[in-house]
**Q** 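My questions all concern the structure below.
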Amino acid sequence: EHIVIIAVLADTVPHVPTEERLTIDDSRHSGEGIVAVTARFGFHDEQDLPEALRKARELPADIDLDTASYFLCHVTIERGHDPGLKRWRKRLFISLAHHAATSADYFNLPIDQTVTIRTRIML
């Protein structure tokens, strides 16, 4: 079995060519079955992680993306008593955060294969 750790970077160009989208580094933890992947997407690219991984030729052959599990962190933002931001700005920021798309939807992850770990921060 392998563990694939993916870091997603949003690039400042409209499109990142498919052949340049993924960088795979399995040399640092190769004996442990850990593969580090960096995925780069332009600001006009659809950030479809499963599709990008399917096109990666350097991934170990025994990784089955149809049965893979994806783990995400979801941060819930709540209003606290910290005087850092004005009250109206906190409410606006929290409202925008609540209406944002989920990471699973944004990265086009299969919902039945995605585990979300939740945490919260106070503004």
Side-chain angles (χ1 to χ4, degrees):
E1 283 190 26
H2 287 86
I3 296 173
V4 179
I5 299 173
I6 304 172
V8 179
L9 302 177
D11 215 330
T12 58
V13 297
H15 298 286
V16 173
T18 304
E19 61 275 1
E20 298 174 18
R21 189 156 287 163
L22 294 181
T23 305
I24 300 171
D25 179 14
D26 60 354
S27 62
R28 292 179 17 197
H29 304 285
S30 61
E32 300 167 14
I34 298 173
V35 179
V37 176
T38 302
R40 291 178 43 236
F41 294 94
F43 56 84
H44 280 297
D45 292 329
E46 181 182 356
Q47 297 192 13
D48 188 336
L49 283 180
E51 183 62 26
L53 290 170
R54 277 187 188 82
K55 292 181 179 177
R57 300 191 195 309
E58 298 86 10
L59 280 178
D62 61 342
I63 293 178
D64 182 5
L65 295 174
D66 293 327
T67 60
S69 296
Y70 299 89
F71 294 85
L72 296 172
C73 179
H74 176 80
V75 177
T76 300
I77 303 170
E78 296 179 359
R79 194 173 78 198
H81 300 291
D82 187 14
L85 286 175
K86 294 197 181 280
R87 193 173 178 188
W88 70 269
R89 288 183 179 183
K90 285 183 186 183
R91 278 193 253 158
L92 177 62
F93 187 80
I94 291 168
S95 176
L96 290 172
H98 283 284
H99 290 91
T102 67
S103 297
D105 291 337
Y106 188 72
F107 294 124
N108 202 27
L109 299 178
I111 198 70
D112 58 333
Q113 294 172 236
T114 304
V115 177
T116 303
I117 301 166
R118 297 184 177 266
T119 187
R120 63 182 170 153
I121 60 170
M122 304 294 270
L123 282 184

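Heavy atoms only: backbone and side chains are in, while hydrogens, waters and symmetry mates are out.
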**Q** Pairs of donor and acceptor atoms involving the side chains of residues 114-123, under 3.5 Å and at least two apart or interchain, shall be tabulated with distances.
**A**
residue, atom, partner, partner atom, Å
Thr114, OG1, Pro110, O, 2.7
Arg118, NH1, His74, NE2, 3.4
Arg120, NH1, Glu78, OE1, 3.0

**Q** Are Ile77 and Leu85 joined in one hydrophobic group, where the rule is that I, L, V, M, F, W and Y side chains link up if heavy atoms are under 4.5 Å apart?
**A**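 Ile77 clusters together with Leu85.
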**Q** Given 3.5 Å as the limit, does a donor-acceptor pair link the side chain of Lys90 with the main chain of His81, or not?
**A**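 Side chain of Lys90 to backbone of His81, a donor-acceptor pair under 3.5 Å: no, none is there.
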**Q** Answer with yes or no whether the hydrophobic clustering places Leu109 together with Val75; edges join I, L, V, M, F, W, Y residues whose side-chain heavy atoms lie under 4.5 Å apart.
**A**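 Each belongs to a different hydrophobic cluster.
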**Q** List in chain and number order the residues that pass salt bridge (Lys or Arg N to Asp or Glu O under 4.0 Å) with Arg54, two or more places apart in sequence or in another chain; answer none if no residue qualifies.
**A**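 Testing Arg54 for salt bridge (Lys or Arg N to Asp or Glu O under 4.0 Å), a comparison that skips the adjacent residues, returns Asp66.
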**Q** Considering residues, nucleotides and ligands other than Phe43, do more than 12 of their heavy atoms fall under 6.0 Å from its CZ?
**A**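 Above 12, so yes.
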**Q** Mind listing the closest non-hydrogen atom pair of Val37 and Val4 along with its distance?
**A**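 Reported closest heavy-atom pair: CG2-CG1, 3.6 Å.
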**Q** What residues, two or more places apart in sequence or in another chain, satisfy salt bridge (Lys or Arg N to Asp or Glu O under 4.0 Å) together with Asp11?
**A**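 Per chain and number, Asp11 pairs via salt bridge (Lys or Arg N to Asp or Glu O under 4.0 Å) with Arg40.
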**Q** Are any non-hydrogen side-chain atoms of Asn108 and Glu51 less than 4.5 angstrom apart?
**A**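 Side chain of Asn108 against side chain of Glu51, heavy atoms only: no contact under 4.5 Å found.
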**Q** Leu22 and Ala52: which non-hydrogen atoms are nearest, and at how many Å?
**A**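 Scanning both residues completely, I find the closest heavy atoms to be CD1-O, 3.1 Å.
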**Q** Is any side-chain heavy atom of Ile6 closer than 4.5 Å to a side-chain heavy atom of Leu53?
**A**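 The answer is yes, as the side chains (C-beta and beyond) meet within the 4.5 Å cut-off.
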**Q** Just wondering, do Tyr70 and Leu65 contact through their side chains at under 4.5 Å, heavy atoms?
**A**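 Leu65 vs Tyr70: side chains touch.
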**Q** Does the Arg21 side chain pair with the main chain of Val16, one donor and one acceptor, at a distance under 3.5 Å?
**A**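 Side chain of Arg21 to backbone of Val16, a donor-acceptor pair under 3.5 Å: yes, one is there.
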